[in-house]
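Every chain is numbered from 1, with letters handed out A, B, ... down the list of sequences.
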There are 2 protein chains.
Amino acid sequence: MARLPTTADAYNAIAEPQRRKIISVLADGEKSVGELVEVLELNQPQISKHLKVLKEVDLVIMRKDGKQRIYSLNADNLKPIYDWLSDFAHLWTERFDRLESYLATLKKEGRNE
Amino acid sequence: MARLPTTADAYNAIAEPQRRKIISVLADGEKSVGELVEVLELNQPQISKHLKVLKEVDLVIMRKDGKQRIYSLNADNLKPIYDWLSDFAHLWTERFDRLESYLATLKKEGRNE
DNA sequence: ATAATATATTCCCATATGGGAATATGTCAA
DNA sequence: TTGACATATTCCCATATGGGAATATATTAT
């Protein structure tokens, strides 16, 4: 079936370094395409193409403002990845086992509220 | 430059669902190739190929035991991804902001010990 | 209508992919 | 040595990739 497309899910989308940079920049607040082009020093078409991938996996949200398109981060869809990795946290550090499991418990409780 | 190979880094390696399953299974303890074939219901060559990718990015360690190859998880190399995602934790939940930042602080201190 | 600006799309290409199938390698036992 | 078992490798193929370059679309101002 060949490799999954980058638009298959968030895991595949964030495997690209430039897309991770875009995500990091957007974490500081929404940006227009032009602003992203400036900050990341990439060509405009590549930025637009990366944003298209991120939008398809719902990691960013687009809003129109005149001729500009404003993109903002939808970080919620990063959480499943974070949760999956959380299962291994106890393997790379012993010191915070109890604190991390406590945190995980709080998070699970939080889901149903 | 085309898409980065799956062996480029941990991000690309874990983008494949079967490889994530392998990682999850190995989190419970080391396994031989044959055991992975049984548990995951994949053909042996595919398991071996996935393990090869995981080994190249140092997510698993291999040990010989007779005719068997025993693979174990090297979870440390998942931590950078977890750390990167941690930066966005405050965006998907407000309730545990202080606890998470406290945890992050503890972790950073822990690195130098 | 025309021009200017902002963004998106298309066409190009070399490259790696994951699975199936077949085969090769390695390791032990008799 | 021969065979049995465990694992790795090779060959096949359809498919998507990210960047460059060029072009298309959308929106506003004049």
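- Between B:P5 and B:N12, the shortest heavy-atom contact is O-CB, 3.5 Å.
- A close approach under 4.0 Å does occur between a side-chain nitrogen or oxygen of B:T6 and OP1 or OP2 of C:dT17.
- Each of A:L4 and B:G34 was assigned the nucleotide of DNA chain D with the nearest heavy atom; the assignment lying further toward the 5' end belongs to B:G34.
- In this structure, the CG atom of B:L51 is 13 Å from the P atom of C:dG18, given to the nearest Å.
- Contact record, A:Y71 with A:L26: O-CD2, 3.4 Å, taken as the closest heavy-atom pair.
- One can place CD of A:E41 at 18 Å from C1' of D:dG20, the figure rounded to the nearest angstrom.
- Among the atoms of the strands shown, base atoms are found under 4.0 Å from some heavy atom of A:K49.
- Taking only side-chain atoms of A:Q68, from C-beta outward, the nucleotide of C:dA6, D:dT10, C:dT9 with the closest atom is C:dA6.
- Closest approach of B:A15 to A:L4, counting heavy atoms only: O-CD1, 4.4 Å.
- Picking from C:dT5, D:dA6, C:dT9 the nucleotide with the shortest atom distance to the side chain of B:K67 gives D:dA6.
- Between the NZ atom of B:K31 and the P atom of D:dT7 there is a distance of 13 Å, rounded to whole Å.
- Rounded to whole angstrom, the span from the NE2 atom of A:H50 across to the C1' atom of D:dT17 amounts to 10 Å.
- In this structure, of D:dG19, D:dA8, C:dA8, it is C:dA8 that holds the atom nearest to the side chain of A:Q44.
- When the C1' atom of D:dA21 is taken as reference, atom CG of A:L42 falls 15 Å away, rounded to whole Å.
- Along DNA chain C, the nucleotide closest to A:R3 and the one closest to A:Q46 are compared, and the more 5′ of them pairs with A:Q46.
- If you measure from atom CG of B:D65 to atom C1' of D:dC5, you get 14 Å, rounded to the nearest angstrom.
- Listed nucleotides C:dA4, C:dT7, D:dG20 differ in distance to A:S32; the shortest reach to its side chain belongs to C:dT7.
- Scanning both residues, A:L42 and A:V37, for their nearest heavy atoms gives O-CG1, 3.2 Å.
- Nearest heavy atoms, B:E30 versus B:E35: O-OE1, 4.5 Å.
- In this structure, B:I70 atom CD1 and C:dT27 atom P are separated by 14 Å, rounded to whole Å.
- As rounded to whole Å, 14 Å separates atom C1' of C:dG20 from atom CD of B:Q18.
- With a 4.5 Å cut-off on side-chain heavy atoms, A:Y11 and B:P17 do not count as touching.
- Contact annotation: B:Y71 side-chain N/O to D:dA6 OP1/OP2 distance is not under 4.0 Å.
- Comparing B:I47 and A:E16 by the nucleotide of DNA chain D whose heavy atom lies nearest to each, the residue mapping closer to the 5' end is B:I47.
- Nearest nucleotide to the side chain of B:P45, out of D:dA21, C:dA22, D:dA6: C:dA22.
- Listed pair A:K64 / D:dT27 meets the phosphate criterion, a side-chain N or O lying under 4.0 Å from OP1 or OP2.
- Listed nucleotides: D:dA26, D:dA14, D:dG18. Nearest to the side chain of A:R69: D:dA26.
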